[in-house]
Number of protein chains: 2
Amino acid sequence: MKLDKLDLKILKHLQEDSKMTNKELSNLLDLSVTAVYERIKRLEREGVISKYVALVNPEKVDKGFMVFCQIKLIQHTKSYLTKFEEEVTRLSEVLECYHVSGEYDYILKVLVKDMEEYREFMVTKLTNLDHIGSTLSTFIISKVKNTSAVNLLS
Amino acid sequence: MKLDKLDLKILKHLQEDSKMTNKELSNLLDLSVTAVYERIKRLEREGVISKYVALVNPEKVDKGFMVFCQIKLIQHTKSYLTKFEEEVTRLSEVLECYHVSGEYDYILKVLVKDMEEYREFMVTKLTNLDHIGSTLSTFIISKVKNTSAVNLLS
DNA sequence: ATTGAAAATCATCAGTA
DNA sequence: TACTGATGATTTTCAAT
C-alpha cells in the first residue's frame, strides 16, 4: 500500500494520541475533515493501523517489575516449538515473546508486581512448560525509553 | 489509588480497544454512561491510563525487522550513563531502552526495515555514541506474542 | 458515587466538483 | 481524491439524589 506524506503525518499523530479528532488533524494538515476521515478509514481497512488502545501505567496497577527472560528449549523439533509457543501465549504475565537468533531460542518480556511474583511465575508457570531447557532472567533497573510509535518520517 | 473491580474491567476493555464507547462499556458493566465516563476521567487524571494510541503494523510501513541490542558501556560513572541515556532516547529507531541487570548494561528494542538498515543504524548512530563498549545483537525470527495490555485481573 | 437528560461536539455519509 | 452540508451518535456537563 502506498502511503503519501499526509498519511504518514496522520499516523505520526495518531500513534502519539489517538483521541485527536479529525477536526484537529484537518487543521494541522490543511485538509477537510472528510479527507482526513477517509484516509484514516483506509489506513484501518488496509491494516496499517492495527488497533486503538489505552496504555496503562504498570506501576499504578501494581505491575512495576519487568523482566526479560531468555529461554532455551531442550530440542528444536517443530512440534516442540509450536507447543511452547501456544502455551507461552496463554500466560498473561508475558506481554511479548519472540523467537530469536543467538544462544537462546526465545525472549520474553514479563510483567509482574515484584521479585516474589516473578519467582512464583517462574516456578509455577514457566518452568512447568514442556521442553524448557535453560533460562536467563535479566531484570529491568530503570526504563530509559518506551514508546509504541513506529518511526515513520525518516 | 484504589481500583475496584469495575475500574479493572474498564481498563481491561480499553487496553484492547480504546474506541469502545462509554455506552458499550455501560452495557457491559451494567452502569450508567456517566458513571463509566467519570471513572474513565478519574483513571486518566490519576495517570492509570497514560495515553491513547493507534498501533501501527510495522510491516505495513516498511519496518519489519526487529532487533534486541544489548550494550555494555566502557565505564559506569553517573555522567556516562546519563549522557548515553539522553542520546539513545533521541534515536527514532529505538522504541525501547532499559537499564538492566546482568552482563550488559542496557537492552534496546530497535525497529528498522531490514538488515541493511540495521547495519546503517549500528555504524552511523549507535556505535557513534560516547562510552559504548561492546554490543550484542539478537535478531527476531518471528513474533510469537505482542500485546500492550498489562495483566490486570489475576 | 450514581443517575437522567440537555448541550456541545464529533463521526459518518450523500451528493458533487 | 477531496469538499460541503446534513444527520445521527457520542461525549461532556449539570442538577438532583
Side-chain angles (χ1 to χ4, degrees), chain A residues 1-63 148-154, chain B residues 1-63 148-154:
Chain A
M1 179 189 179
K2 274 247 166 256
L3 300 175
D4 65 14
K5 266 220 169 94
L6 291 173
D7 292 320
L8 293 177
K9 281 185 185 173
I10 289 172
L11 287 174
K12 198 171 165 96
H13 282 111
L14 292 181
Q15 278 196 120
E16 287 301 327
D17 175 16
S18 61
K19 290 288 190 199
M20 185 168 278
T21 65
N22 293 348
K23 195 191 222 175
E24 289 174 295
L25 281 169
S26 79
N27 286 332
L28 286 169
L29 307 189
D30 250 316
L31 270 177
S32 72
V33 173
T34 313
V36 171
Y37 172 79
E38 291 296 348
R39 279 169 179 271
I40 293 176
K41 283 300 144 200
R42 177 164 154 272
L43 291 167
E44 293 169 353
R45 241 186 354 257
E46 304 276 351
V48 179
I49 294 175
S50 57
K51 62 198 302 203
Y52 296 92
V53 300
L55 297 184
V56 168
N57 183 343
E59 275 98 33
K60 300 274 182 172
V61 292
D62 242 11
K63 299 287 174 185
S148 57
V150 176
N151 168 230
L152 293 170
L153 312 173
S154 60
Chain B
M1 180 189 179
K2 275 249 166 255
L3 300 175
D4 66 14
K5 264 215 169 98
L6 291 173
D7 292 321
L8 293 177
K9 280 185 184 171
I10 290 173
L11 287 174
K12 197 169 166 101
H13 283 111
L14 292 182
Q15 279 196 121
E16 287 301 328
D17 175 16
S18 61
K19 291 288 190 198
M20 185 168 278
T21 66
N22 295 346
K23 195 190 218 173
E24 288 175 294
L25 282 169
S26 78
N27 285 333
L28 286 169
L29 307 189
D30 252 316
L31 271 178
S32 72
V33 173
T34 313
V36 170
Y37 173 81
E38 290 297 346
R39 279 169 179 271
I40 293 175
K41 284 300 146 198
R42 176 162 154 273
L43 291 167
E44 292 169 354
R45 243 186 353 256
E46 304 275 351
V48 179
I49 295 176
S50 57
K51 62 198 300 203
Y52 296 93
V53 301
L55 297 184
V56 168
N57 184 343
E59 275 97 33
K60 299 275 182 171
V61 291
D62 243 12
K63 300 288 174 184
S148 57
V150 176
N151 168 228
L152 293 169
L153 311 174
S154 60

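Scope of the values below: all heavy atoms of this structure, side chains included, with no hydrogens, waters or symmetry mates. Order of the sequence lines fixes the chain letters, A, B, ..., with proteins taken first and strands second; residue numbering starts at 1 for each chain.
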Which of B:I40, B:V33, B:L6 passes side chain to side chain contact (heavy atoms under 4.5 Å, CB included) with B:L25? It is B:I40
Drop me the distance from A:L11's CG to A:L43's CG, to the nearest 0.5 angstrom.
5.0 Å
Considering only heavy atoms, which members of residues 27-37 of chain B lie under 4.0 Å from some atom of DNA chain C?
B:L31, B:S32, B:T34, B:A35
Using the salt bridge (Lys or Arg N to Asp or Glu O under 4.0 Å) criterion, which residues pair with B:D62? Sequence neighbours excluded.
B:K113
Could you tell me, to 10°, how much the axis swings from one end of the helix from C:dA1-D:dT17 to C:dA17-D:dT1 to the other, five pairs per end?
30°
Rounded to the nearest 0.5 Å, what's the gap from CG on B:L152 to CG on B:L3? Could you check?
8.5 Å
Write out a two-atom table: protein N or O, nucleotide N or O from nucleotides 15-17 of chain D, distance below 3.5 Å.
none

Decide if atom NZ of B:K12 counts as having more than 12 heavy atoms of other residues, nucleotides or ligands within a radius under 6.0 Å.
no
Can you list every salt bridge (Lys or Arg N to Asp or Glu O under 4.0 Å) pair that touches residues 1-11 of chain B, not counting sequence neighbours?
B:D4-B:R39, B:D7-B:R39, B:D7-B:R42
Holding to salt bridge (Lys or Arg N to Asp or Glu O under 4.0 Å), I want the full list of residues that pass it with B:K41, two or more places apart in sequence or in another chain.
B:E44
Going 5' to 3' on DNA chain C, which nucleotide is the first and which the last to come under 4.0 Å of a heavy atom in chain A?
C:dC10 to C:dC13
Does anything in residues 22-32 of chain A pair up under side-chain hydrogen bond (donor to acceptor under 3.5 Å, both in side chains), and if so which pairs, sequence neighbours excluded?
A:T21-A:E24
Correct closest heavy-atom pair for B:A54 and A:S18 would be N-CB, 3.6 Å
Less than 4.5 Å apart, any side-chain heavy atom of A:M20 and any of A:L28?
yes
All side-chain contact (heavy atoms from CB on, under 4.5 Å) counterparts of A:S148, not counting sequence neighbours:
A:L55, B:V53, B:L55
Stretch residues 6-26 of chain A: residues that reach within less than 4.0 Å of DNA chain C through a heavy atom
A:T21, A:N22, A:K23
Who passes side chain to side chain donor-acceptor pair (under 3.5 Å) against B:K51, sequence neighbours left out?
A:E16
B:K60 side chain to A:E46 main-chain N or O, any donor-acceptor pair under 3.5 Å?
yes
